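Encoded as structure tokens, the structure appears first; notes follow it.
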2 protein chains.
Amino acid sequence: MTAMYRVVKADILDKITQGVWAPGSQMPNEMRLAETYDCARATVNRAMRELAEEGIIERRRKSGTRVRMNPVRQARFGIPLVRKEIEDQQAVYGYTLINSTIEPAPDWLRGRLGLAVGGLVRHVCCMHTADDMPFQLEDRWISLDALPDAETVDFSQSGPNEWLVTAVPFSNAEMSLLAVQADAKLATLLHCAKGDALFQTERSTWMDGQAITYVRLIFRGGHKMTTQY
Amino acid sequence: MTAMYRVVKADILDKITQGVWAPGSQMPNEMRLAETYDCARATVNRAMRELAEEGIIERRRKSGTRVRMNPVRQARFGIPLVRKEIEDQQAVYGYTLINSTIEPAPDWLRGRLGLAVGGLVRHVCCMHTADDMPFQLEDRWISLDALPDAETVDFSQSGPNEWLVTAVPFSNAEMSLLAVQADAKLATLLHCAKGDALFQTERSTWMDGQAITYVRLIFRGGHKMTTQY
DNA sequence: CAGTGGTCTAGACCACTGA
DNA sequence: CAGTGGTCTAGACCACTGT
């Protein structure tokens with residue numbers, strides 16, 4: 001009932017953690033392991049492929065498979081829609097539009113996204129609340145070159161986030177996480193003290209190499225982003 | 001030369017982004033797609049399986065495969081060793097031990113890690129520098145119940161990080177990212193102003209359900225953690 | 001019950017790469 | 001050149017689950 005490739009994978013991982021196959025050492029090849037576990041090579045292959053993807057082992061043709069010296073540690077973070085994140089906390093989601101303008105892309109934004117000179121962007125600033133308390137401030141710029149429709153969308157009732165996921169369901173992005181200090185304006189908007197440390201994410205998004213949007217999400221004080229791996 | 005399953009995967013993704021298969025809609029089953037692409041079902045299966053892992057589609061037996069309504073966005077962050085992170089920036093890595101003690105685990109730590117009452121921990125505080133400038137402050141607690149060897153290891157020349165990766169090569173962890181305000185002590189250690197917003201990570205690590213270590217990493221001002229996805 | 005994905009197999013050919 | 005992993009196939013059985 002437990003899939004064979006899982007058994008093989010678990011046993012290999014076990015041999016590694018128990019030190020039977022030390023970091024840097026060579027492991028048996030697929031054919032030999034298939035004999036050991038009395039299964040097809042494809043089954044061993046799947047187990048090993050997954051371990052390689054997870055950064056535990058390193059595979060090369062001809063030279064074979066080795067246990068990684070410094071296992072590549074990586075963590076996956078889910079990127080939820082704010083609405084969902086808030087509702088998952090059993091809180092009531094709320095939305096307020098603060099500001100919306102059409103303007104030429106400022107230089108710093110053109111640099112980040114690689115926009116053409118004179119390109120127009122829709123700049124939207126809005127607040128997402130949880131139980132009527134500020135939760136996340138969204139400061140977003142959308143390229144009208146890439147998404148002309150964005151010029152006329154109504155963001156007074158729901159955020160650009162929700163519109164974008166339907167308009168541009170799939171894209172590539174670069175995300176940064178950092179800490180910022182609350183200035184007077186942020187302190188007022190997020191109901192915190194001036195100077196408080198706030199968690200911020202920045203994200204630039206492209207589709208087919210064309211810049212779509214840049215967004216800053218600033219969370220209320222004390223926010224943590226958590227994951228397990 | 002390009003693997004067939006990659007071609008299939010790319011084409012399916014294309015059909016989704018182009019709207020041929022809209023979010024929420026049903027996709028053809030594996031057999032049908034195998035005929036379409038004139039390949040084996042296993043090949044289609046691999047393409048679809050990867051798309052499912054990436055959160056693009058959703059698969060269920062009997063009811064088939066659908067495009068996800070709200071594609072699960074997720075980002076992977078690599079977790080490098082500090083030394084490597086600094087050297088990758090062409091800077092010279094340096095290490096200084098600030099403090100090291102053996103003490104009973106404080107209550108908050110016992111709570112986080114689920115340690116037994118009276119359990120001893122090794123508490124190490126140290127600084128990682130880049131070109132002799134503070135880069136990352138490491139505040140770490142290691143459970144001596146889990147790792148008795150940690151009591152006598154010499155951390156004056158290299159950090160607990162480097163020792164742990166060899167002593168406990170594989171483990172599970174929970175990581176949080178947040179922003180903290182520099183107090184007087186942090187300001188001195190990290191050469192920043194009191195009140196500055198600093199980026200901090202917290203990580204609890206277990207192996208076979210047994211708590212190993214808890215660590216806080218506080219970065220110098222302006223640090224960003226970046227990834228692409 | 002029946003349709004769909006999940007897994008496995010035995011065998012094959014190929015691409016890459018170290019010796 | 002030869003060994004190893006990468007991929008593919010045709011077919012099979014099975015587990016799950018909607019109807």
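As the structure is a computational prediction, the values presented were derived from the model and not from experiment. A, B, ... follow the sequence lines: proteins, then strands. Residue 1 opens every chain.
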In DNA chain D, stems of three or more consecutive pairs, Watson-Crick or G-U, each with both distances under 3.5 Å, turn out to be C:1-18 with D:1-18
Taken in chain and number order and not counting sequence neighbours, the residues that satisfy salt bridge (Lys or Arg N to Asp or Glu O under 4.0 Å) with B/R46 are B/E50
Between CD of B/E58 and P of C/dG5 the distance, given in whole Å, is 13 Å
Atom CZ of B/R46 and atom P of C/dG5 are separated, to the nearest Å, by 18 Å
Look at the aromatic rings of B/F199 and A/F199 and report parallel, tilted or perpendicular, splitting at 30° and 60°.
-> parallel
Residue set satisfying salt bridge (Lys or Arg N to Asp or Glu O under 4.0 Å) with B/E35, at least two apart, ordered chain then number -> none
In short, ring pair (Phe, Tyr, Trp, His ring centres under 6.0 Å) pairs touching residues 41-92 of chain B with sequence neighbours left out are A/F77-B/F77
Reading nucleotides 9-19 of chain C from 5' to 3' and marking B where a protein heavy atom lies under 4.0 Å of the base, S where only the sugar-phosphate is that close, and - otherwise, the string is B--B--BBBB-
Taking only N and O in the side chain of A/T65, is any of them less than 4.0 Å away from OP1 or OP2 of D/dG5?
-> yes
Across all chains, not counting sequence neighbours, the ring-ring contact (aromatic ring centres under 6.0 Å, His included) partners of B/H223 are B/F135, B/F219
What residues 47-56 of chain B contributes to the DNA chain C interface at heavy-atom separation below 4.0 Å is none
B/R32 CZ to C/dT4 P, in whole Å, measures 8 Å
Applied to residues 128-140 of chain B, the salt bridge (Lys or Arg N to Asp or Glu O under 4.0 Å) test, sequence neighbours excluded, yields B/E138-B/R140
Taken to the nearest whole Å, CG/B/N29 to P/D/dG18 is 17 Å
Here the distance between atom C1' of C/dG6 and atom CG of B/L33, to the nearest Å, is 16 Å
side-chain N/O A/N45 vs D/dG6 OP1/OP2, d < 4.0 Å: yes
Taken in chain and number order and not counting sequence neighbours, the residues that satisfy salt bridge (Lys or Arg N to Asp or Glu O under 4.0 Å) with A/R216 are none
By salt bridge (Lys or Arg N to Asp or Glu O under 4.0 Å), A/R66 pairs with (sequence neighbours left out) none
Residue pairs meeting ring pair (Phe, Tyr, Trp, His ring centres under 6.0 Å), one or both in residues 24-63 of chain B, sequence neighbours left out, come to none
Those residues at least two apart in sequence (or on a different chain) that pass ring-ring contact (aromatic ring centres under 6.0 Å, His included) with B/Y229 are none
inquiry  = One pair to check against side-chain hydrogen bond (donor to acceptor under 3.5 Å, both in side chains): B/T227 and B/R76. What are the steps and the verdict?
reply    = CA-CA 7 Å; B/T227 194; B/R76 275 191 182 186; over 6 Å; no
Comparing nearest nucleotides in DNA chain C, the 5'-proximal residue of the pair B/G64, A/A3 is B/G64
From CE of A/M31 across to P of D/dG3 the rounded distance in Å is 9 Å
